Amino acid sequence: MSPDLVRDILIATVPLMVIFPTLFAFTTWLERKALARIQNRIGPNKVGVPLTRYGGRFSLFGLGQPLADGIKMLFKENIVPRDADRLFHLLAPILALIPAMLVLCFLPIEFPWTESLLPVQAFLLDGAVIFFFAITGLNTLAIFMAGWASRNKYSLLGGMRAIAQMVSYEIPLVLSAVVVVMMVGSLNAAEIANAQAGWNWFVFTPWGLAAFVIFFIASLAETNRSPFDLPEAESEIIAGYFTEYSGFKFALFFLGEYIAMFAISGLAVTLFLGGGAGPGIATLPWLSAMWFIAKIFALIAVMIWLRGTLPRLRVDQLMGFAWKFLLPLSILNILVAGFAHFIPQENIVSKVAVWVVSLGILYMAAKGLNQLNRPNVRPRDYKYAE
Amino acid sequence: MTTPNTSPGIDLDDTTRAELERAGVIVSKVDTLYNWARGGSVWPLTFGLACCAIEMIASATSRFDISRFGSEVFRPTPRQADLMIVSGTVTKKMAPQVVRIYNQMPEPKWVIAMGACAISGGPFKQGYNVLKGIDRYIPVDVYLPGCPPRPEAVLQSLNYLQEKIRTQDIQSDPAFTAGRRQYPVPEFTGTDLEPPYNPEVWQPPANPNAQPLEEATA
Amino acid sequence: MSSATATAPNYELIQQDGLDTGLLEVSMGPHHPSTHGVFRMDVKLDGETVVDLSPVFGYLHRNHEKLAENMSYLGSMPFTDRLDYFNSMTNNWAYALAAEKLVEIEVPERAEYLRVIMAELTRLVNHLSLVGFFVNDLGALGTPLLYAFREREKILDLFEQASGARMMCNYFRFGGLRNDVPEGWLDRAREVVDRFPVFLDEYEKLLCENEIILSRTQGVGNLSRDLAISAGITGPMLRASGERYDLRKVDRYGIYDRFQFRVPYSDGDVGDCYDRFIVRMLEMRESIGILKQALDGIEHGPVLGNAPKVFKPKPAEVYGRVEAPKGELGFYLIADGTPKPYRYRVRPPSLINLTVLRDMCLGQKVADAVIILGSIDIVLGEVDR
Amino acid sequence: MAAPGQSQRPTAGGSHGVSERSHEPVLQQFPEAEWDEAAGAIIAPLGQARALAEWLLGQGVDYCSNVTGVDYLEREVKEKVTGEDGKVETVTRTEPGRMDVVYHLYSMRKQTGPLVLKQRTGREHPQVQSLTPVWRSCELQEREVYDLFGVDFTGHPDQRRILMWDEFEGHPMRKDYTEPFDYEWEPTPHDEILDKHQRGKVIV
């Protein structure tokens, strides 16, 4: 390996390793603030600027909060339970973080500094989408490792739940991405993004919209976000697989979870939301990266919103939803996409017809599946005794 | 709120520090940064015992909002918590669990004894199943009286705790000097807990009228 | 009708050669985020399914009864506050009602009205908190809970203005109330009561037709009517199982016979978590109706009757009960002619409603066990006393 | 002033719809049962409590509200007895200690009650019949009576301690229970506590 190549790799990847953890810190602050506002609270605003005697006076909306949390966690004692498997207990949080970090490199974000470094531009990898799913699958292993190595029954339950959930939701996730791959004819993330240049985002097609919704729901489950946060369900199994983790190992899990959120949102942006496409990139190319990150944050904002609003599903309903609802729907969507592709869309009438017919088919299918799965759930009437 | 000058090694009085700061030089120690961090991010344990737990929850709600101080992250597992708020009556049946949970918490850790019952047994002190104060088994940092204390008092006790943390020195902090503080978990006997208190953290108050044991029992 | 006892579903373990399978025994509690205090369930799980469950009590046994037997009658009034610490007012009322049976005391008109107002406000507080905690157990990360607590604060302010304390009011006396409400209190109470339905509409819109809540709660934790009656279930939980038994209608204690109100109950024999949740939501609406009538009907007058200075009843045995928000709260007192009760017994609705916990949880998922416990609405201060 | 047994009658703040003579059919059916006028309670004959309860259940008494124990120590009772010659004498007699288990019964369907049923037994090795098979609501309450009073319920499906820990000795709600002594000196001691302090184990 030539020194130049090493230098290029470092220049291409190290900024990613810096930018996303920083964004992670910002996201935790954003999440706490947003949840607080949803709940009529103020949220963190007292922790100020460190090191000065007047730090308390300049609290900057509590932006110091993630820094304080980070420093605290770094120095917090690390406890390994006596009966735990020490090696796997140590490896699990690392393994949870690494795949999430790895796939970040394959997001087609056109940072200004990567333009001159085409040889190592990782997103030129031809099988980027496949690679993405292969690597994120490792996350499941890490979570099960954590649950198993902790020697805690709640951790074990959490690990088992995580395996069942992630393996199930991987399938609708991949199948909904297949539509895009079919249409573009390439697994290359950059080519997929380029195919949507301008306003030709796939989310603005009937099959793309359906696939995006399925993809987003499945990605919530993949990243253990509410309402699919069963592996770490607080009211049921304490903290799930990371019940026995303290200090920096816990912080690593936390970091890994958020990076995975960035990664999967980034993939959603690549596949459906036009990648870095947006107004103004023709004149200012670096805006492309800004747009990309802004779109990621838009998706994350929706995740936070859902977290503040929805209760959690039960484990059997969760599995049923993946297998009995999302899976048939995503397969049907592939067929719909195929037909839509071969119907000539020259004038506005045919376009509208394609939209109406496609969404109509998908809507009827969704309704039917819903009826099949849960026929008897409805609001009830009550009587009054005088 | 100003950060107290906590520099036992270097004697730097406040005026000098202020002058230096005016000149653009911030003189500080790792202690200050670390204490700022752990004081601003005290995560309590989701741990309710009795009536006081409701006021503890109320202190996290919209009107009082403990999250302003960075403490709304109630962790359900002791492994990730910094602060145990003993909120309510500790019965003898519950005391071993409380000590066990304290032992499970990683250092540095703090305890707030919330309410009269947790401090001394409170109105239930004469009961046969009531522990007369959790400080018999674990060290308590802040005593928060009241029956139950108002949510504002919970916030104030948190502020006192943060104040206490800011003046701590890593070199003499018990959290770093003696490994994880673990105290023996009391065991059930026929009538009471054994031992009835932990002599390491608590000694019965001296009785000025104490009689020798033989006389008293005679 | 014979006593109905549910039988456990028969789970045969899959025992294969060389594969060592077994049940997972999990002890949920006494420190667990969703056991509402220091309750403990020893659960046996087959996968995620609850095969066996046994509740363990006593982690908050504060010897209330023993303490009360060693102090004067009035001395245990503040202790009743701490039984069910959400509803100190109704606890006070149940105790005052029992003690008023020992010694004939006339309760003045204004005091009776204020008692009803306080009790119904308490019912609002309790049902609000219950619904909040219940949805929290469903995994909703506190948002509905915090909305509920926001409204609860408004009512607690009223309590504080009247009695001086937010939670532990100690407001009732034998023969009336400790003091009259301050000037303008009734107007403030009317304001709170008038605004409450607006919040309730919003809350119902948020929760009652939510798909996830519907599918999580319907058909979970079924309790048949016969079992409910046999197991002595009372309060909203009984009415959710289809029995219209409300002590406000049956006993007509206080002045409840003067008010027009209806008792919501479930139409059918299912009695699942959804019924228990909705019956409480509907009861809040009825409570608002009672509050409006009481606030209109109240007149000026004394609030404390001809209570004797020293409460020293003649030997007798009485049992007084009220419809507390959680069910029938009763006090059984035996007087022996001294200023202390010879026997003082609390009939805790929370404890007795837990009798059927095992029957309701068997065969359900572990996540259901949590919400079933939440829908029973227990407070450990009352369960263990 | 409330007369003994008044709790049975409907009063302003009392129970509604109570049949004042609800105990009479019971006494006709079970002639061995006693009627305690002072307490307003039916005292079930020994060994027949279960049969009585089942009969009551058949009569529509479907709801057992409250179960509790009452411990009566042996005590001396002074009674004024009017002799044959019209002289009033004060006679002291010793009433033996006893243990009562009290059931408050209601009918939900008929909305009547309460009917107070007592099982009476001695203080040493008290043993009564469990009514849990008749009314499920007795299950936890009878366990509590077993725990706190030491009454043995024959036929109870799951008789264990409920509130105290398993190793606990003694039954704390009994009137003669002495508490474990763990008082320590405090600046403003209570008279009663000081007295206990003198008698008990001294920590200080």
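Just so it is clear, the model here is predicted, and its values are computed rather than measured. Protein chains get the first letters and strands the later ones, always in sequence-line order, with residue 1 at the start of each. Just the heavy atoms: all of them, side chains too, but no hydrogens, waters or symmetry mates, feed the values below.
Contact annotation: the side chain of C:R150 never approaches that of B:R63 to less than 4.5 Å [non-hydrogen atoms, C-beta and beyond].
For B:A53, no part sits under 4.5 Å from any heavy atom of chain C, backbone or side chain. In this structure, the portions of C:R62 lying under 4.5 Å from any heavy atom of chain B include both its backbone and its side chain. Within the 4.5 angstrom heavy-atom criterion, no atom of C:E382 approaches chain B. If you measure heavy-atom distances from C:F133 to chain B, the contacts under 4.5 Å come from the side chain alone. Looking at C:L60, the atoms closer than 4.5 Å to chain B (heavy atoms on both sides) sit in the backbone and in the side chain alike. When heavy atoms are compared at a cutoff of 4.5 Å, C:Y147 does not approach chain B at all. In this structure, the portion of B:I101 lying under 4.5 Å from any heavy atom of chain C is its side chain and not its backbone. Interface remark: B:A60 contributes backbone atoms only to the contact with chain C (heavy atom separation under 4.5 Å).
Here C:Y95 and C:F174 bring their ring centres to under 6.0 angstrom of each other. Aromatic ring centres of B:Y197 and B:Y137 lie farther apart than the 6.0 Å criterion allows.
Highest contact tally toward chain B, considering only C:L380, C:D81, C:N63, is held by C:N63 [criterion: heavy-atom pairs under 4.5 Å]. Your options are C:G58, C:G381, C:A165, and the one with the most heavy-atom pairs under 4.5 Å with chain B is C:G58. Chain B forms the most heavy-atom pairs under 4.5 Å with one residue out of C:K66, C:R82, C:R152, and that residue is C:R82. Of all the listed residues (B:C117, B:A95, B:G48, B:C51), the one sharing the greatest number of non-hydrogen pairs under 4.5 Å with chain C is B:C51.
Side-chain polar atoms of C:Y332 and C:R347 form no donor-acceptor pair below 3.5 angstrom. Side-chain contact, C:Q161 with C:R188: a donor N or O sits under 3.5 Å from an acceptor N or O. Counted by atom type alone, C:K326 and C:N126 present one or more donor-acceptor pairs between their side chains at under 3.5 Å.
Atom OH of B:Y160 has 12 or fewer neighbouring heavy atoms from other residues, nucleotides or ligands inside a 6.0 Å radius.
We find that B:E200 and B:R181 are not joined by a salt bridge, their nearest charged nitrogen and carboxylate oxygen being 4.0 Å or further apart.
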